Amino acid sequence: MAIRTILASAALAATVALAPLPAAAANAEATDKVIFHSGNIIEGKVLEETATEIKMLVVMGSMAAEMTYPKADILKIERDVIDATAVASAEIPDGDVPALDARNERDDEADLDGAYRVYHIKLNGQFGRDISETPIRDSIEDARDEGATHIIVELNNTWQRRGEDLNDNAANFDEFSRAEASTPIFTEEIRTEWSNPPEVVFWVRNAMGGSAFLPFLSPNMYFHSEGRMGGVGNLAGMFGNMGDEVVRDKQESLRAGRARGLAIHGGYDGRIITAMTEVPYELWLRFERGQPVLIDNPDDVLPSDILLTDDGEDENADTVVELVRDEGNDVLTLRADTAFQMGISDGTADTLDDLLFDLGIDQDSVVIEGRAERINDRWRTTIDRSERELRSLYQDYTEVPGGGDRRERARSRGQRARLLDQMERILVRFGEAVIPGRIGVPINITWIEDQRNVIKAEAIADR
């Protein structure tokens, strides 16, 4: 967490050079805590506060730095908080320390049998269809009803087009809006609807396309050894040549800012998102005192720095061979090892038991048999049925006979109106996942309204 806090702070605020703390400050028992809307907590000392921002001396081990944070991102500030552990260590002589429960600070979240309650959500299938906000919200609510202290969100989305697996170079930033739709579930809703908010952990197996943004919603992220996260590197070209260039640039800038903001709120450096979504953008990784540092100014690069993404121009453009081998570096695709080196991932786990071990709760937890799997299975079944029904309704609509005498024409209008109502109900209820164009049905809500207007015009003409 400390690594990502440092990285996120670099994107959020102006920072002075890190310097060793005076001895008195390093050992201070009272600190201020800044709690962000994202759930992140920064500890240190508030130096200055205005109506729009605060300046804070952030403590990181034996080092400190002045950081400035916008107050719009802050939920609350707790001042002069006493570290009970530090006080106990200072006041109790060696050899007289009472036995402490190994679960310490999370003891109050354990249930009566002494176990953490782990709720496992598997998000499989197509992002924006099988993986959608409604089943996610229903699963989170079920986890709350089950008293979960930890929610493991295993993300393994299908990365295909027309049934063919896609490489890392394929991209679909346009799905970002669907990731945004799920953002409140993991931020505002958990914070406000849970009396004891759980620890949410994203476990990445495959997070490509819009699903790549979801793990940034939590400061706790782990990868499967074969995990990858990316597939959003087409932001710069998603508007093509449509409209005015200035307008296109503004739209791209707006979306880029929202995507970076999502990551920053999760405690990550916004430059990670830039490297994942934009060409040209150059980013290097450096290690200082064992800690990862991102460099995006070519003039500051050292020979020992690791190139993450180049500018993708001229001779730096990824070749076809590199793309086929998933070796391109025009945009960043995170793999387990790279994500861990960058401090994005907390570790690598191939099984749920491995993950619980890495979280330090393997000996003191129970996996809840909740309804998450049934919720997601039922959702997929419902969407399958709704897509079939929509396709059938549209086919019926196109085959409604016209012409005939006045009574037959009235009957035709009534049939078409009823079919339009049925199609509209499906789109309104399941519009988040039922995309007509994806199933070869060329309709939308606007088309339905246009058809209703045609029917009204026919009725007027037939009077």
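Everything numeric here is computed off the predicted structure, so don't read it as measured data.
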Using a 3.5 Å cut-off and no angle test, enumerate the donor-acceptor pairs between side-chain atoms of residues 422-431 and protein atoms at least two apart in sequence or in another chain.
residue : atom : partner : partner atom : Å
Glu424  : OE1  : Arg452  : NH1          : 3.4
Glu424  : OE1  : Arg452  : NH2          : 2.8
Glu424  : OE2  : Arg452  : NH1          : 3.2

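When Phe216, Tyr268, Phe223, Phe186 are each tested for a ring-ring contact (aromatic ring centres under 6.0 Å, His included) with Phe202, only one passes: Phe186. Just one of Val118, Val200, Asn220 meets the side-chain contact (heavy atoms from CB on, under 4.5 Å) condition when paired with Ile152; it is Val118.
With contacts defined as side-chain heavy-atom distances shorter than 4.5 Å, the pair Thr398/Tyr394 qualifies. Side-chain atoms of Glu199 and Thr149, non-hydrogen and from C-beta on, never get closer than 4.5 Å to each other. The closest side-chain heavy-atom distance from Asp362 to Asp353 is not below 4.5 Å. Side-chain contact between Leu214 and Ser182 is present, with at least one heavy-atom pair separated by less than 4.5 Å. Side-chain contact between Thr277 and Val331 is absent, with no heavy atoms from C-beta onward closer than 4.5 Å.
Contacts of Phe340 classified as ring pair (Phe, Tyr, Trp, His ring centres under 6.0 Å), with partners at least two apart in sequence or in another chain: none. Taking the side-chain contact (heavy atoms from CB on, under 4.5 Å) definition, one finds that Asp142 meets it with Tyr119, Glu146, Arg371, Ile375, sequence neighbours left out. The side-chain contact (heavy atoms from CB on, under 4.5 Å) search around Asn444 returns Thr446, Trp447, not counting sequence neighbours. Under the salt bridge (charged side-chain N to carboxylate O under 4.0 Å, His left out) criterion, Glu133 pairs with Arg178, not counting sequence neighbours. Considering only residues two or more places apart in sequence or on other chains, Asp130 meets the side-chain hydrogen bond (donor to acceptor under 3.5 Å, both in side chains) condition with none of them. Qualifying side-chain hydrogen bond (donor to acceptor under 3.5 Å, both in side chains) partners for Glu189, counting only residues two or more places apart in sequence or in other chains: Arg137. Residues satisfying the ring pair (Phe, Tyr, Trp, His ring centres under 6.0 Å) test with Phe213, not counting sequence neighbours, are Phe173, Phe176. Partners of Asp305 under the side-chain hydrogen bond (donor to acceptor under 3.5 Å, both in side chains) rule, at least two apart in sequence or in another chain, are Arg286. Under the side-chain hydrogen bond (donor to acceptor under 3.5 Å, both in side chains) criterion, Glu226 pairs with Arg205, sequence neighbours left out.
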Apply side-chain hydrogen bond (donor to acceptor under 3.5 Å, both in side chains) to residues Arg255 and Gln251 and explain how you reach the verdict. CA-CA 6 Å; Arg255 284 162 175 75; Gln251 289 297 320; 2.6 Å; yes
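For the atom pair CZ of Arg416 and CG of Leu420, the computed distance is 8.5 Å after rounding to the nearest 0.5 Å. Note: Lys33 NZ to Met56 CE = 10.5 Å, rounded to the nearest 0.5 Å.
Sequence neighbours left out, the pairs with a member in residues 388-409 that pass salt bridge (Lys or Arg N to Asp or Glu O under 4.0 Å) are Arg409-Asp462. Each salt bridge (Lys or Arg N to Asp or Glu O under 4.0 Å) pair with one or both residues in residues 375-385, not counting sequence neighbours, appears once here: Arg129-Asp384, Asp377-Arg380.
Considering all non-hydrogen atoms of both residues, Leu285 and Pro292 come closest at CD1-CB, 3.8 Å.
Other residues, nucleotides and ligands place more than 12 heavy atoms under 6.0 Å from the CD atom of Gln160.
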